[in-house]
Amino acid sequence: MMAAAFFSMPRITRLAWHVWRRNLEVFIRTWKVNFFPPFVEAFLYLLAIGVGLGTYVKEINGIPYVNFIAPSILAIAVMNSAFFECTYGSYVRMYYQKAFDAMIATPLSIEDVIAGELLWGATKSVMYVVIMLGVLSLFGVVALPLALLVIPVAFLGGLLFAALAMCFTAITPSIDALNYPSFLFITPMSLFSGTFFPLTLLPAAFQYIALALLPLTHIVAIFRMLSLPAVSWTLLLHLGWLLSGTAMLCVVSINLMRRRLII
Amino acid sequence: MDGISFTVRKGEIFGFLGPNGAGKTTTMKMIQCVSPRSGGTLRVFNLDPEVHPDAIKRRIGVVPQETNLDPDFTCEGNLVTYARYFDIPKDVVKQRVNELLTFVSLEEKRDVSIEKLSGGMKRRLILARALVNRPELLVLDEPTIGLDPQARHLIWERLKLLQAQGNTIVLTTHYLDEAARLCDRLVIMDNGKILNEGIPSELVQLYVGNEVVELEKSEDVLACLRDMGIPFEEVGDTVLIATARAHEIARTLLERCHPHKMLTRPATLEDVFLKLTGRRLRE
């Protein structure tokens with residue numbers, strides 16, 4: 001595959017929404033299993049890190065520690081829900097259930113199918129963030145109504161992680177090999193993206209690497225500006241990074257999947 | 001694929017016959033607009049699959065070799081979800097799903113999840129799913145693979161019914177009886193090439209003849225046949241003689257060669273198939 005082929009613009013039609021809807025229907029049918037985890041996760045984080053660790057770390061740069069980590073909890077939820085949906089979830093649908101093969105025998109193209117999967121991954125991020133935002137609001141650790149703006153950003157961030165995940169799904173030799181990106185990329189990112197301590201504590205070189213390569217850094221930064229609130233013009237830079245990163249990864253992931261499934 | 005050429009006529013059942021790895025499935029995938037071709041011309045309804053996949057796929061129904069029903073849905077749910085991929089309006093879907101479940105005798109399994117179905121039921125549901133968009137052309141890859149005789153007969157009967165309603169059907173199979181029973185015309189493929197094309201009965205007539213005499217193999221029988229100058233073929237522990245005058249030959253052999261066991265039978269597509277593709281085992 002020529003390098004240019006990775007970036008060729010895929011033709012996506014509105015039929016992609018049918019794939020999204022198929023996943024939504026399955027999700028709704030098992031809603032109890034699906035809505036419970038984010039609910040509990042928000043509590044656990046708040047308790048263990050906010051209250052537990054917060055007893056010692058009272059505040060960071062004048063911000064109460066619980067308020068400091070509240071946006072990080074949301075950002076990590078965005079990352080995890082989309083990433084795991086479009087790695088393990090999509091892989092199971094593709095490889096074990098042969099669902100994509102069945103779909104491309106209909107007017108759906110492989111591009112439509114993958115686009116639908118990505119949209120679904122992003123939607124899942126949004127749903128998780130909405131639930132967790134509710135829990136965090138009850139504890140009064142996020143500033144409403146500005147914090148509501150994390151919801152649209154969650155869609156963008158979710159789309160980014162869905163596309164990133166789909167790239168791994170497209171090249172993984174087996175479902176077990178998906179553990180590599182999960183443990184070597186996602187787990188460290190949830191710790192070193194300015195989530196539980198400020199990025200500025202890290203060596204300068206690492207700060208640049210985090211800003212250049214770790215998408216979570218930008219989501220955490222935006223979420224924190226919106227939830228504290230402490231909005232500054234740099235929000236636009238983070239947003240710009242997310243927008244371009246998402247666009248690029250969406251295109252690449254669809255082309256990679258096309259190569260895996262067709263050629 | 002290596003320079004294959006074929007034309008399917010409207011309203012016929014056209015078969016692709018061949019051993020494993022002959023290229024049947026690849027050919028089907030090209031027709032379904034899934035696999036690209038490296039050269040040559042392919043037209044489905046006079047449209048190029050690489051230019052108008054959407055328009056073609058709206059008019060065909062596909063039964064894949066591998067069962068790929070959606071395990072997250074019931075029988076009804078599978079058909080309804082699939083119909084949505086074709087943009088079929090909701091009220092039409094409801095009625096059509098009822099018709100199709102009846103057509104494949106699965107009305108009672110409407111709300112049953114896929115994993116609770118038997119192999120035959122799954123194949124029937126896949127057939128129903130392939131019909132959800134009222135296709136003009138039905139493409140079936142090994143439609144009765146792994147099914148018991150009852151289930152196979154039910155599928156065959158339904159396919160004949162569909163043909164009677166004006167559908168065109170293309171299928172692959174390596175069951176010779178299935179091909180002989182269903183196909184109006186067929187091609188025999190091996191190693192990506194088409195070895196022959198024709199009407200099943202004519203192919204049998206052309207390559208084997210009317211009838212076959214089978215004898216149990218022994219040194220005496222072989223020597224006797226050689227003495228008499230009768231052409232024969234050895235297959236395992238049997239000897240086959242293709243002939244137009246089976247009874248006459250059988251009587252002569254009974255008198256002169258004293259075989260242990262002997263039978264005469266009509267020549268079948270299997271004889272043609274083995275003659276053309278050889279007897280080597282395929283992986």
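Letters A, B, ... mirror the listed sequences (proteins, then strands); counts begin at 1.
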If you draw a 6.0 Å radius around [atom1] in [X], do more than 12 non-hydrogen atoms from other residues or ligands fall strictly inside?
X: B/F45; atom1: CZ; answer: yes
X: A/F36; atom1: CZ; answer: no
X: B/E157; atom1: CD; answer: yes
X: B/Q165; atom1: CD; answer: yes
X: A/R29; atom1: CZ; answer: yes
X: B/N46; atom1: CG; answer: no
X: B/K94; atom1: NZ; answer: no
X: B/K122; atom1: NZ; answer: yes

Interatomic spacing from OG1 in A/T106 to CG in B/N133 - rounded to 0.5 Å: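 Here the interatomic distance stands at 9.0 Å.
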A/H18 side chain to B/Y85 backbone, donor-acceptor under 3.5 Å: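 Such a contact is absent between A/H18 side chain and B/Y85 backbone.
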N/O donor-acceptor pair under 3.5 Å between B/K57 side chain and A/A105 backbone: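 No.
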Under 4.5 Å from any heavy atom of chain A - which part of B/I126: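 The answer is neither part of B/I126.
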Proximity breakdown for B/D72 and chain A, heavy-atom pairs closer than 4.5 Å: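 Both backbone and side chain.
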Engaged part of A/L15 at the chain B interface, taking heavy atoms whose separation is under 4.5 Å: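 The answer is the side chain of A/L15.
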Side chain / backbone / both / neither for A/R14 at chain B, heavy atoms under 4.5 Å: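 The side chain, not the backbone.
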Neighbourhood of chain B inside residues 72-101 of chain A, taking heavy atoms under 4.5 Å as contact: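 The list, in residue order, reads A/Q97, A/K98, A/D101.
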Residue that, paired with B/V34, satisfies side-chain contact (heavy atoms from CB on, under 4.5 Å) out of A/L261, A/I110, A/I104: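 The passing option is A/I104.
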Quiz item: cation-pi between A/R22 and B/Y82, 6.0 Å / 45°: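 Not satisfied by the 6.0 Å and 45° rule.
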